[in-house]
J.: 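One structure, pasted below without further comment.
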Amino acid sequence: MKILKNISLKKYNTFGIDVSAKRFISITSVYELQELLKIEKDIFLISGGSNMLLTKDIEKLVVHIAIEGISIDKEDENCVHLTVNAGENWHDFVLWCVNNNFGGIENLSLIPGNVGTCPIQNIGAYGVEVKDTITKVEALEIKTGKLVSFSNTDCKFGYRDSIFKTSHKGKYILTAVGFKLTKQKHLLNTSYGAIETQLALNNIKKPTLKNISDAVIAIRKSKLPDPKEIGNSGSFFKNPVISKALFLEIQKENPNIPSYKISETEIKVPAGWLIEQAGFKGKRFGAYGVHEKQALVLVNYGNATGLEIFQLAKKIQAAILKQFKISLEIEVNIIA
Ligand code: EPU
């Protein structure tokens with residue numbers, strides 16, 4: 001365990017924001033983490049850095065979770081139970097599963113970040129949420145250094161939500177995630193329009209896990225910027241759920257508004273569509289802006305500051321509130 005001084009965090013966050021850590025340590029085992037917690041509890045955690053916007057230098061000790069390793073706990077002919085350590089790269093893990101014919105997370109291909117943070121916001125894409133395959137979340141309680149295991153129900157997963165964003169926020173360090181995946185009779189989810197189109201394009205009628213993963217990769221590449229090329233954090237806002245009454249009011253003026261029914265009284269609308277209508281899609285302000293192909297994604301073209309991007313987010317929120325009477329909720333963690 002070695003504490004480094006004055007480290008730039010640029011390569012540790014997918015937005016590519018260049019702030020620095022006064023002190024920085026990379027942790028590769030649960031034991032090391034427990035030892036560290038005995039001497040320092042007021043820490044700032046960083047893992048894949050794919051869901052945060054850093055707006056200033058970090059004064060606290062920055063702890064980079066780099067605990068790697070995948071183990072097969074048990075398996076039979078139908079399914080496999082895995083425990084995956086928090087520092088494993090999410091997309092590499094998805095590809096490993098696809099190559100081993102383990103089904104369930106192929107629709108979540110190419111999502112940036114690490115395994116240890118996937119439960120926090122219950123990552124989801126193309127009709128699948130990670131909560132549907134998670135069996136447990138292992139975590140260290142910061143106060144006591146005790147290792148605890150949360151069941152799927154304990155985590156209270158919701159749309160881009162879990163207890164690790166609410167009641168348990170800042171209290172635990174996620175060290176590993178358990179998954180149950182299928183080995184045969186995979187429950188493929190190809191209902192999402194773009195996947196269907198992509199499969200049809202390649203004339204695939206009976207898709208394999210690999211076909212679906214490839215289709216998702218192609219769709220994401222065509223719409224979402226690669227953080228290695230253009231800094232970003234995926235969807236910056238959540239898709240808002242609004243009352244049916246408000247939806248009907250907006251629909252009167254905008255008959256083409258896309259929507260998903262949540263209940264008899266509530267409708268979810270895509271934030272990307274709202275932001276596009278407000279005229280922000282593809283807008284560039286110097287070193288930062290709104291992605292040209294998906295208005296839900298704010299981007300850093302080079303050396304933008306976190307504050308600049310945060311200001312843009314607030315400007316977008318104000319515009320959407322004025323135009324549609326909808327409060328957009330920020331999905332990314334703002335570190336201020
Ligand atoms: N739309 C626009 N303009 C835009 C973007 C979208 O009009 O600039 C419209 C599309 O035409 C479509 C609808 O909005 O009718 C939905 O768009 P899309 O299918 O791209 O999905 P999304 O609702 O914008 C969500 C997730 C993404 C996930 C996709 C696919 C949230 C906040 N975002 O986006 O997740 O990849 O669905 O399932 O739920 C992420 O969380 O980082 C992320 C990328």
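Start at 1 and go down the list; that is how both ligands and their atoms are numbered.
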J.: Looking at M52, is its backbone amide N or carbonyl O close enough to the side chain of N333 to form a donor-acceptor pair, meaning the two atoms are under 3.5 Å apart?
T.: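 Not at all, since once roles are kept as given, no pair shorter than 3.5 Å links the two residues.
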
J.: Which of the numbered atoms in ligand 1 are under 4.0 angstrom from any heavy atom belonging to L296?
T.: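 Those of ligand 1 that fall under 4.0 Å from L296 are 24 (O), 32 (C), 33 (N), 34 (O).
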
J.: Give a yes or no answer on whether the side chain of T14 reaches the backbone of N232 with a donor-acceptor pair at less than 3.5 Å.
T.: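 Confirmed, T14 side chain pairs with N232 backbone.
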
J.: Above 12 or not: heavy atoms from other molecules or residues under 6.0 Å from CG of L187?
T.: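 Atom CG in L187 is not crowded, with 12 or fewer foreign heavy atoms closer than 6.0 Å.
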
J.: Any atoms of ligand 1 less than 4.0 Å from a non-hydrogen atom of P258? List them with their elements.
T.: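 In order of numbering, the contacting atoms are 15 (O).
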
J.: Could you check atom 33 (N) of ligand 1 against the protein and tell me its nearest heavy-atom contact, residue, atom and distance included?
T.: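 The protein heavy atom lying closest is S235 OG, 3.0 Å.
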
J.: Does any N/O atom on K293 come nearer than 3.5 Å to any N/O atom on ligand 1?
T.: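 It does not: no N or O of K293 is found under 3.5 Å from an N or O of ligand 1.
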
J.: To check you understand the geometry: which heavy-atom pair defines the closest contact between E129 and R160, and what is its length?
T.: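 Closest pair (atom of E129, atom of R160, distance): OE2-N, 4.4 Å.
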
J.: Identify the heavy atoms of P258 and P270 that sit nearest to each other, and give their distance.
T.: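 Smallest heavy-atom distance, with atoms named: O-CD, 3.2 Å.
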
J.: Below 4.0 angstrom from a heavy atom of Y159, which ligand 1 atoms are there? Numbered from 1 as shown, please.
T.: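 Within the 4.0 Å cut-off of Y159, ligand 1 contributes 31 (C), 32 (C), 39 (O).
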
J.: Just by modelled atom types, is the F157 backbone N or O under 3.5 Å from a matching donor or acceptor in the D161 side chain?
T.: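 Between the backbone of F157 and the side chain of D161 there is no qualifying donor-acceptor contact (under 3.5 Å).
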
J.: With sequence neighbours left out, write down each residue that passes ring-ring contact (aromatic ring centres under 6.0 Å, His included) with F150, or none if nothing qualifies.
T.: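 F150 satisfies ring-ring contact (aromatic ring centres under 6.0 Å, His included) with F164, H168, Y172 only.
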
J.: For atom 36 (O) of ligand 1, which candidate among Q294, R220, E276 holds the nearest heavy atom?
T.: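 Looking at heavy atoms only, R220 sits closest to atom 36 (O) of ligand 1.
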
J.: Y126 to ligand 1: N or O pair under 3.5 Å?
T.: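 Looking only at distances, the answer is yes, because the N/O contact criterion of under 3.5 Å is met.
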
J.: Side chains of T166 and K156: donor-acceptor distance under 3.5 Å anywhere?
T.: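 Not at all, the side chains of T166 and K156 share no donor-acceptor pair under 3.5 Å.
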
J.: Closest by any non-hydrogen atom to atom 35 (O) of ligand 1: pick that one out of R160, E331, K238.
T.: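 It is R160 that holds the nearest heavy atom.
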
J.: Just jot down the ligand 1 atoms closer than 4.0 angstrom to any heavy atom of K281, in number order.
T.: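 Checking each atom against K281, I get 3 (N), 4 (C), 8 (O).
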
J.: Do me a favour and list the nearest non-hydrogen protein atom to atom 13 (C) of ligand 1 with residue, atom name and distance?
T.: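 For atom 13 (C) of ligand 1, the nearest protein heavy atom comes out as P270 CG, 3.5 Å.
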
J.: Taking the six-membered ring of F247 (Phe, Tyr or Trp), confirm whether the NZ or CZ of K268 is under 6.0 Å from its centre and within 45° of its axis.
T.: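 Checked: cation-pi criterion not met.
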
J.: Is atom 16 (C) of ligand 1 less than 4.0 angstrom from some protein heavy atom?
T.: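 Protein heavy atoms within 4.0 Å of atom 16 (C) of ligand 1 - there is at least one.
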
J.: Side chain, backbone, both or neither: which part of F236 has a heavy atom under 4.0 Å from ligand 1?
T.: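 Under 4.0 Å from ligand 1, F236 contributes no heavy atoms.
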
J.: Looking only at protein heavy atoms, which one is nearest to atom 23 (O) of ligand 1, and how far off is it?
T.: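 Looking at atom 23 (O) of ligand 1, the protein heavy atom closest to it is N239 ND2, 2.8 Å.
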
J.: Does the side chain of D18 come under 3.5 Å of the side chain of S8 through a donor N or O and an acceptor N or O?
T.: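 Indeed, the side chains of D18 and S8 share at least one donor-acceptor pair under 3.5 Å.
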
J.: In ligand 1, which numbered atoms sit nearer than 4.0 Å to a non-hydrogen atom of A295?
T.: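 Those of ligand 1 that fall under 4.0 Å from A295 are 4 (C), 8 (O).
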
J.: Within 4.0 Å of atom 39 (O) of ligand 1 (strictly less), any protein heavy atom?
T.: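 Protein heavy atom within 4.0 Å of atom 39 (O) of ligand 1: present.
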
J.: Return the set of residues passing side chain to side chain donor-acceptor pair (under 3.5 Å) with K244 (not counting sequence neighbours), or none when no residue passes.
T.: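 For K244, no residue satisfies side chain to side chain donor-acceptor pair (under 3.5 Å) once neighbours in sequence are set aside.
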
J.: With atom 37 (O) of ligand 1 as the reference point, say which of F280, Y192, F237 has the nearest heavy atom.
T.: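 Ranked by closest heavy atom to atom 37 (O) of ligand 1, first place is Y192.
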
J.: What atoms of ligand 1 come closer than 4.0 angstrom to any heavy atom of G234?
T.: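 In order of number, 42 (O).
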
J.: Do the rings of H64 and Y12 sit parallel, tilted or perpendicular, given the 30° and 60° boundaries?
T.: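 Answer is perpendicular, since the angle exceeds 60°.
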
J.: Nearest to atom 7 (O) of ligand 1, what protein heavy atom do you find, and at what distance?
T.: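 Among all protein heavy atoms, the one nearest atom 7 (O) of ligand 1 is W273 CD1, 3.3 Å.
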
J.: I want to know if ligand 1 touches K223 in the polar sense, i.e. an N/O pair below 3.5 angstrom.
T.: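 Yes, K223 has an N/O under 3.5 Å of an N/O on ligand 1.
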
J.: Work out whether the distance between some heavy atom of Q121 and some atom of ligand 1 is less than 4.0 Å.
T.: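 Flag not set, Q121 not near ligand 1.
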
